[in-house]
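First the structure, in the form of structure tokens, and then the observations on it.
For this chain, numbers begin at 1 and follow the sequence in order.
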Amino acid sequence: GDELDGKDEALVPCDYQKSGVLSDDELRQILVQPLPIGVRLTAILDCCHSGTALDLPYVVQAFRGQLRIKKKPNHRMPPPAMADVALISGCRDNQTSADAGSGLAGNTKAAGAMTTAFKQVISKKPRATYEQLLVEMRDFLKKNRFQQVPQLSSDRFLDLSSCFMPEAEAKAQAAAVVPAQLVTSSRPPVRKALTVGINYTILPAGQGRLSGCINDSETVVGILKECMGFQDSEICRLRDDRANIMPTKTNILTALRWLTSEAQAGDILFFHYSGHGGRVKDTNGDEESGMDDTLIPCDFQSAGQIIDDELYQHIVEPLQRGVKMYVILDCCHSGTALDLPYKVQVESEGKQIKLTKSRNRPKGGAAEVLMISGCQDDQTSADSQNAAGKPAGALTTAFRQCISMNVTCSDLL
């Protein structure tokens, strides 16, 4: 009962008439389940009906400019694997995989169409990402009039912008001349966090003043200390009820520079903002909507707003590979407020994850940056109450309710 279509996929050994076939359940038990944490298994299956032949929960559908990831319901899945497992298969479950005659793409002998496509792409681009590999294999097969559609599935939510063959990436990096400022120091990894809460106490009541944002900041400080192991000395706070830590535009940008300065591989950074968010006209053409998202500091009337281009420059651009940055924006119009290239949306009650890549921002920064925003770009973020019954942002309240040490990103969202 673990198959949505009611059929198991299978590999057919040479003695199938006597010994039978290998079902996907057996393949998972043999290949996937025994592997410990830290192992990476990549499987290539060039055969018919192989789309989900390892019973992996995440299936990627890739199209130019848009990716869609379907997740099998948890009750239909065996226990998750400990290892990182990815499968590229020759076709969908209901398709057959074709042969490629000699002469195609330099083949001197007959070969499988999918293997030929794989060799063609990976030979030209050894450092291809998962997305590039899947899309270009499909393009190659379509161009050569093959009907089959290769599939990519995984046991975990894949970073599709990461290199399919990390060994090739590591080899290229080792051969490169590394600038002195990018050489990793021998110091241990550090953690730094910035939380900003703005109630706009300078505004008259009923004219833009908020009541829960400072409470949100306190909630996040608790999360950082209780769930993530941060110390007080690692957390910078800006809030507009204390004159010495006011969240002015200058102070926010200065604090962001503190957050990202001297960050090196292994460091973990965290930025939380609760306050007003806005939109202004895009002036450089990088927004498909024609509007930039903004954060609104407490002195916005004199200093102006902080647009998403500035946030990208302060938060994403300075960070080198190996740094992890987590961002929580509990404000209106915040859906793409960091100008990151990928946007994730959960649909169908968590059964499907839609991953959209921006055409205007094809590349992100070198670091691993993850942002959770309170709403879509064209929406507003609502107020709520926290566990203590105090005013709070709805997103921060939901984050506090759902965060745990072992929750996955997709389950959290």
Side-chain angles (χ1 to χ4, degrees), residues 32-41 56-58 69 71-75 77-86 154-159 162 188-197 215-237 259-260 263-274 315 319 322-330 338 340 342 344-346 349-351 353 355 367-374 384-388 392-413:
V32 178
Q33 291 298 147
L35 299 178
I37 294 175
V39 172
R40 178 173 59 89
L41 170 65
L56 304 177
Y58 294 96
I69 302 175
K71 182 183 179 184
K72 285 187 178 181
N74 289 336
H75 72 274
M77 291 304 304
M82 303 297 289
D84 294 317
V85 182
S154 63
D155 208 72
R156 304 187 184 193
F157 192 86
L158 271 179
D159 177 5
S162 63
V190 302
R191 290 178 295 190
K192 298 164 76 173
L194 167 63
T195 174
V196 178
N215 294 334
D216 287 342
S217 182
E218 290 296 324
T219 295
V220 167
V221 169
I223 294 172
L224 290 169
K225 294 164 69 174
E226 297 166 18
C227 297
M228 304 179 70
F230 278 73
Q231 304 298 315
D232 277 318
S233 60
E234 299 169 326
I235 304 172
C236 175
R237 313 181 197 194
L259 183 65
T260 59
Q264 297 178 2
D267 291 352
I268 296 177
L269 312 177
F270 191 99
F271 172 47
H272 166 260
Y273 171 89
S274 180
I315 294 176
L319 301 179
V323 176
K324 291 186 178 181
M325 165 71 84
Y326 301 96
V327 179
I328 308 292
L329 299 183
D330 193 350
L338 278 190
L340 301 175
Y342 292 98
V344 178
Q345 294 172 293
V346 177
E349 299 180 349
K351 297 178 182 178
I353 300 171
L355 184 62
E368 182 179 333
V369 181
L370 179 96
M371 179 186 78
I372 296 179
S373 59
S384 180
Q385 287 187 337
N386 61 23
L395 169 68
T396 302
T397 302
F399 183 69
R400 166 73 272 188
Q401 182 72 19
C402 300
I403 191 66
S404 68
M405 291 294 292
N406 54 9
V407 68
T408 67
C409 290
S410 58
D411 288 342
L412 178 62
L413 185 59

query = Would you say the side-chain atoms of R156 pair up with the backbone N or O of M82, donor to acceptor, closer than 3.5 Å?
reply = yes

key: Closest heavy-atom pair and its distance - A265, V323   = N-CG2, 4.0 Å

inquiry  = Looking at N386 and A392, would you say the former's side chain and the latter's main chain have a donor-acceptor pair under 3.5 Å?
reply    = no

query = Strictly by modelled atom types, are T219 and D216 linked by a side-chain donor-acceptor pair under 3.5 Å?
reply = no

Contact check, side chains of I328 and V220, non-hydrogen atoms, under 4.5 Å = no

ask   = Without hydrogens or angle criteria, can the side chains of D330 and T396 be said to hold a donor-acceptor pair below 3.5 Å?
value = yes

remark   = In terms of heavy-atom contacts, L319 and A263 come closest through CD2-CB, 3.9 Å

request  = Start with the C-alpha distance between E234 and K225, add both sets of side-chain angles, then the distance that settles salt bridge (charged side-chain N to carboxylate O under 4.0 Å, His left out), and finish with yes or no.
outcome  = CA-CA 10 Å; E234 299 169 326; K225 294 164 69 174; over 6 Å; no

query = D155 and D84: side chain to side chain contact (heavy atoms under 4.5 Å, CB included), yes or no, with the steps?
reply = CA-CA 7 Å; D155 208 72; D84 294 317; over 6 Å; no

inquiry  = Do V327 and I372 make a side-chain contact, defined as non-hydrogen atoms from C-beta onward lying under 4.5 Å apart?
reply    = no

request  = Apply side chain to side chain contact (heavy atoms under 4.5 Å, CB included) to A193 and list each qualifying residue two or more places apart in sequence or on a separate chain.
outcome  = L224, F230, I235, F270

ask   = Taking atom CZ of R191 and atom OG of S233, what is their separation to the nearest 0.5 Å?
value = 9.5 Å

ask   = So how far is it from M371 CE to I315 CD1, rounded to the nearest 0.5 Å?
value = 9.5 Å

task = Determine, stepwise, if the pair V196 / R237 fulfils side chain to side chain contact (heavy atoms under 4.5 Å, CB included).
result = CA-CA 6 Å; V196 178; R237 313 181 197 194; over 6 Å; no

message = Restricting to non-hydrogen atoms, name the atom on V221 and the atom on T195 that form the minimum distance, rounded to 0.1 Å.
response = CG2-CG2, 3.9 Å

query = What is the distance from atom CG of D411 to atom CG of L413, rounded to the nearest 0.5 Å?
reply = 9.5 Å

note = Smallest heavy-atom separation, P36 atom then A83 atom, equals O-CB, 3.5 Å

request  = Look up atom CG in L194 and atom NE2 in H272, then write down how far apart they are to the nearest 0.5 Å.
outcome  = 10.0 Å

task = State the CZ-SG distance between R400 and C227, to the nearest 0.5 angstrom.
result = 4.5 Å

request  = May I have the step-by-step check of side chain to side chain contact (heavy atoms under 4.5 Å, CB included) for L370 and C409, ending in yes or no?
outcome  = CA-CA 9 Å; L370 179 96; C409 290; 4.1 Å; yes

message = One pair to check against side chain to side chain contact (heavy atoms under 4.5 Å, CB included): T408 and F157. What are the steps and the verdict?
response = CA-CA 9 Å; T408 67; F157 192 86; over 6 Å; no

ask   = Do you know the tightest heavy-atom contact between P189 and G266?
value = CB-O, 3.2 Å

ask   = Distance from L340 atom CG to S373 atom OG, nearest 0.5 Å?
value = 10.0 Å

